K.L.:
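Pasting in a structure now, in structure tokens, and then I'll have a few things to ask.
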There are 2 protein chains.
Amino acid sequence: MKNIISNINKAFDHRVRLGIMSVLMVNEYADFKTLKELLGVTDGNIASHTKALEKQKYIKVEKSFIDRKPNTRYLATQNGRKAFQAHLDALEKLLNKDINIDNTDK
Amino acid sequence: MKNIISNINKAFDHRVRLGIMSVLMVNEYADFKTLKELLGVTDGNIASHTKALEKQKYIKVEKSFIDRKPNTRYLATQNGRKAFQAHLDALEKLLNKDINIDNTDK
DNA sequence: TAAAGTACTTTGAAAAACAAAGTAAATGTA
DNA sequence: TACATTTACTTTGTTTTTCAAAGTACTTTA
């Protein structure tokens with residue numbers, strides 16, 4: 001490992017995306033409105049963060065009509081689950097690691 | 001609590017700042033070069049991320065000359081330590097929380 | 001004393017984040 | 001049955017952040 005943050009996934013750096021993934025790890029799916037309410041962010045925000053995760057193939061989108069209204073569901077992909085778990089492991093390692101600097105010559 | 005990410009600190013959202021704080025939590029101080037090497041990022045990057053943390057008063061900077069060369073040390077403030085620990089607690093809560101959505105009507 | 005190295009800082013472009021406005025269909029109101 | 005409102009998103013454009021390249025001010029080496 002080159003540096004102490006090399007295994008931290010840039011795609012999950014943002015708290016909104018962290019929140020989205022957390023929700024999708026424990027629920028089979030969540031729809032647009034649910035994510036929006038759980039995370040307390042604006043529509044455009046959910047849209048762009050989900051789009052970013054979708055682009056990485058960490059989540060997938062299913063569009064349908066429920067009660068004649070459009071409904072967008074987000075689901076974590078198998079790949080996304082793996083990547084997120086790896087990210088959490090990397091985070092834990094970073095935080096628990098002894099990063100002891102030799103400052104004796106300073 | 002309004003939403004599931006409300007206690008996650010925006011200032012620590014970025015992996016570089018997460019790394020800087022992790023280092024400064026367990027070491028009394030770290031200098032510019034050390035941080036740069038530990039994190040594997042460019043000079044300008046370290047500069048801007050430390051500046052951001054400094055602006056929030058989460059770290060402080062001490063400038064001196066060592067062996068006639070300029071040396072910049074970064075230290076976590078008491079406030080910074082508290083905020084970072086709170087952030088970690090919030091992260092842990094988010095990840096361990098049962099965010100179970102009632103999807104029965106969907 | 002000229003060239004190279006060290007330790008940063010500044011700058012400007014590129015990317016990301018964000019909220020406001022837009023769209024389109026459904027529903028409520030008079 | 002029109003018209004306004006709500007729902008469920010998407011699009012747009014501005015602001016903010018990130019980032020690396022270039023710049024500065026020395027110090028060291030040849």
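Reminder, nothing fancy here: chain letters follow the sequence lines and each chain counts from 1. From a predicted model like this one, the values you see are computed outputs, not experimental measurements.
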K.L.:
So, the side chain of Arg81(A) versus the backbone of Met25(A): is there a donor-acceptor pair under 3.5 Å, distance only?
P.N.:
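Such a contact is found between Arg81(A) side chain and Met25(A) backbone.
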
K.L.:
What nucleotide among dA7(C), dC9(D), dA8(D) has an atom nearest to a side-chain atom of Thr72(A)?
P.N.:
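That would be dC9(D).
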
K.L.:
Would you kindly give the CG-to-P distance between Asp43(A) and dT6(D), to the nearest whole Å?
P.N.:
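Interatomic distance, CG of Asp43(A) to P of dT6(D): 15 Å.
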
K.L.:
Quick one: label Thr42(B) by what it contacts on the DNA or RNA (base, sugar-phosphate, nothing), any heavy atom closer than 4.0 Å.
P.N.:
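Thr42(B): base contact, heavy atoms under 4.0 Å.
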
K.L.:
Rounded to whole Å, please give me the gap between NZ in Lys36(B) and C1' in dG5(C).
P.N.:
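Computing the Lys36(B):NZ to dG5(C):C1' distance gives 12 Å.
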
K.L.:
For Lys63(B), which contact category applies under a 4.0 Å heavy-atom criterion: base, sugar-phosphate, or nothing?
P.N.:
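Here Lys63(B) touches the backbone only, sparing every base.
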
K.L.:
Just to confirm, is there a sub-4.0 Å distance from OP1 or OP2 of dA7(C) to any side-chain nitrogen or oxygen of Asn71(B)?
P.N.:
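No, outside the criterion.
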
K.L.:
Among dA20(D), dT10(C), dT28(D), which nucleotide has an atom closest to any side-chain atom of Ala47(B)?
P.N.:
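Of the options given, the side chain of Ala47(B) lies nearest dT10(C).
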
K.L.:
Round to the nearest Å and state the distance from Asp13(A) atom CG to dA15(C) atom P.
P.N.:
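Answer to the nearest Å: 17 Å.
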
K.L.:
Choosing from dC18(C), dC19(D), dT9(C), which nucleotide comes nearest the side chain of Phe32(B)?
P.N.:
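Given the options dC18(C), dC19(D), dT9(C), the side chain of Phe32(B) is closest to dT9(C).
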
K.L.:
Nearest of dT18(D), dT28(D), dA8(D) to any side-chain atom of His14(B)?
P.N.:
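Per side-chain heavy atoms of His14(B), the pick is dT18(D).
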
K.L.:
Less than 4.5 Å apart, any side-chain heavy atom of Phe65(A) and any of Asn71(A)?
P.N.:
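No, their side chains stay 4.5 Å or more apart.
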
K.L.:
Taking the minimum atom-to-atom distance to the side chain of Arg17(B), which one of dA20(D), dA8(D), dT18(D) wins?
P.N.:
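Between dA20(D), dA8(D), dT18(D), the one nearest the side chain of Arg17(B) would be dT18(D).
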
K.L.:
So, is His49(A) near the phosphate of dC18(C), with a side-chain N or O under 4.0 Å from OP1 or OP2?
P.N.:
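Looking at the OP1 and OP2 atoms of dC18(C), one of them is under 4.0 Å from a side-chain N or O of His49(A).
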
K.L.:
Can you tell me which nucleotide in dT10(D), dC18(C), dC8(C) comes closest to the side chain of Arg15(A)?
P.N.:
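The closest nucleotide is dC18(C).
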
K.L.:
As an exercise, state the distance from OG1 of Thr77(A) to CD of Glu54(A), rounded to the nearest 0.5 Å.
P.N.:
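Thr77(A) atom OG1 to Glu54(A) atom CD measures 10.5 Å (nearest 0.5 Å).
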
K.L.:
Among dT27(D), dT9(C), dC9(D), which is the nearest nucleotide to the side chain of Lys69(B)?
P.N.:
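Per side-chain heavy atoms of Lys69(B), the pick is dT27(D).
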
K.L.:
Does some side-chain heavy atom of Asp43(A) sit less than 4.5 Å from a side-chain heavy atom of Phe32(A)?
P.N.:
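Yes, side chains in contact.
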
